[in-house]
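Report on the following structure.
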Amino acid sequence: MSARTIDGKAFAATVREKVSRHVARIKSEVGLTPGLAVVLVGEDPASQVYVRSKGRQTREAGMNSFEHKLDADASEAALLSIIEKLNNDPAVHGILVQLPLPGHINEDLVINSIDPSKDVDGFHISNVGLLGTGQKCMVPCTPLGCLMMLRDHHGSLSGLNAVVIGRSNIVGKPMAQLLLKDSCTVTIAHSRTGDLPDVVSDADIVVAAVGRPQIVKGDWIGKGATVIDVGINRVERNGKTALVGDVDFESASKVAGAITPVPGGVGPMTIACLLANTATACCRANGIAEPESLTA
Ligand code: NDP
């Protein structure tokens with residue numbers, strides 16, 4: 001048996017297309033253009049690439065993109081002052097502060113200074129609490145992208161056994177909350193989990209968000225399970241750098257029913273969901289109906 005490969009690139013294109021259509025409707029019906037502000041502190045090369053890509057895709061979806069760049073030694077107060085201005089700017093519906101921040105800046109303080117209704121990353125403590133209690137909120141982009149792919153593949157997730165490997169605040173925990181909200185029976189595994197292969201073998205859905213190259217092997221996976229690989233790991237292969245996931249794709253795709261590749265799986269969905277969250281935030285701020293397929 002060979003698993004269906006879930007094409008995250010193609011799926012992300014359909015999400016971006018939906019966002020574009022929705023943005024066009026918001027413009028024509030209420031004369032508003034959704035806007036996303038991205039704040040970058042410092043010159044981390046990977047962060048610069050992400051920020052450029054976010055800006056380009058935001059504009060391509062018909063939304064306004066605002067970029068704010070601060071030097072690596074900018075003060076915490078300077079960053080908080082920019083966030084306050086963005087919180088009060090009616091043209092800005094989404095605010096994203098690119099992480100990680102330089103060590104002298106308190107990340108929690110910065111995230112929690114963003115207006116929760118503009119917190120398109122879904123990291124503000126209010127959104128974390130709302131998600132934990134099953135209420136409407138801004139949902140973190142990567143788990144939202146995983147959920148969309150799972151719903152698309154399975155239809156209903158109700159009653160399925162899901163194992164999330166990883167308990168980080170940005171992927172593992174919100175992923176588990178979303179699966180629970182969709183009535184899965186959820187297990188969260190982590191570095192202290194006793195017998196990880198045994199835990200994984202019972203799952204209908206496996207979400208791997210570990211950050212360890214190809215740690216999840218094919219013989220851990222139950223026959224026909226759906227495997228979502230969030231991991232992005234750079235490894236050296238024959239003197240070149242290659243990207244691999246947390247799942248050993250070759251062996252896992254022989255037993256799984258469906259699997260996301262790395263690259264081209266979860267990765268492209270993350271920015272697509274950022275755009276979706278920005279459109280959703282604009283709708284909520286202005287009492288406009290939001291497209292259900294773009295939210296959790
Ligand atoms: P973190 O490092 O914050 O969390 C990793 C989690 O994996 C922790 O909960 C840790 O457990 C657990 N873990 C580590 N080693 C093991 C092990 N041997 N067995 C079981 N569990 C283990 O990572 P993130 O959640 O931020 O990211 C995870 C991966 O996803 C990374 O590769 C990252 O690059 C990628 N990522 C991809 C995104 C995308 O857009 N596709 C977006 C965000 C992240 P413990 O808590 O006990 O230490």
Side-chain angles (χ1 to χ4, degrees), residues 5-13 15-16 38 44-47 49-54 57 96-101 107-108 111 120-123 128 131 138-150 162-179 186-203 206-217 219-221 227-235 241-249 252 259-277:
T5 299
I6 300 175
D7 184 346
K9 220 171 149 188
F11 197 87
V15 171
R16 289 198 303 271
V38 177
D44 177 63
S47 294
V49 172
Y50 288 136
V51 167
R52 265 201 301 278
S53 182
K54 284 168 186 171
Q57 293 190 38
L96 179 146
V97 177
Q98 186 66 42
L99 301 177
L101 290 169
E107 248 173 42
D108 287 338
I111 289 167
V120 281
D121 252 344
F123 296 161
V128 174
L131 181 62
M138 297 310 301
V139 175
C141 303
T142 300
L144 178 58
C146 297
L147 182 76
M148 284 182 186
M149 290 195 285
L150 284 167
V163 172
V164 179
I165 317 174
R167 55 175 164 179
S168 73
N169 290 336
I170 63 167
V171 190
K173 282 185 204 147
M175 186 74 247
Q177 299 284 8
L178 289 170
L179 291 166
V186 183
T187 303
I188 306 177
H190 45 77
S191 66
R192 304 294 177 94
T193 297
D195 188 346
L196 190 57
D198 185 54
V199 170
V200 169
S201 68
D202 268 347
V206 181
V207 181
V210 189
R212 302 272 183 275
Q214 299 171 316
I215 186 176
V216 179
K217 309 297 179 200
D219 58 8
W220 299 13
I221 311 280
V227 179
I228 303 289
D229 190 352
V230 183
I232 302 175
N233 307 289
R234 273 167 226 284
V235 294
T241 305
L243 278 190
V244 299
D246 291 340
V247 178
D248 178 20
F249 185 87
I259 185 166
T260 58
V262 177
V266 176
M269 288 297 289
T270 297
I271 298 187
C273 288
L274 173 67
L275 306 181
N277 276 350

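Read the numbers this way: they start at 1 and go in the same order the structure lists the ligands and their atoms.
- A search for side chain to side chain donor-acceptor pair (under 3.5 Å) contacts involving Asn233 returns Asp246, not counting sequence neighbours.
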Passes side chain to side chain contact (heavy atoms under 4.5 Å, CB included), Ile259 versus Phe249? Steps please. CA-CA 8 Å; Ile259 185 166; Phe249 185 87; 3.5 Å; yes
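- Using a 4.5 Å heavy-atom threshold, the side chains of Asn277 and Cys141 count as touching.
- Applying the 6.0 Å contact sphere to NZ of Lys9 captures no more than 12 heavy atoms from other residues, nucleotides or ligands.
- For Asp121, there are no side chain to side chain donor-acceptor pair (under 3.5 Å) partners, not counting sequence neighbours.
- Among protein residues, Thr142, Ile165, Gly166, Arg167, Ser168, Ile170, Val171, His190, Ser191, Leu196, Ala209, Val210, Gly211, Arg212, Ile215, Val230, Gly231, Ile232, Asn233, Val266, Gly267, Thr270 come within 4.0 Å of ligand 1, judged on heavy atoms.
- The side chain to side chain contact (heavy atoms under 4.5 Å, CB included) check on Val200 picks up Val163, Ile165, Leu196, Val206, Trp220, Ile221, with sequence neighbours excluded.
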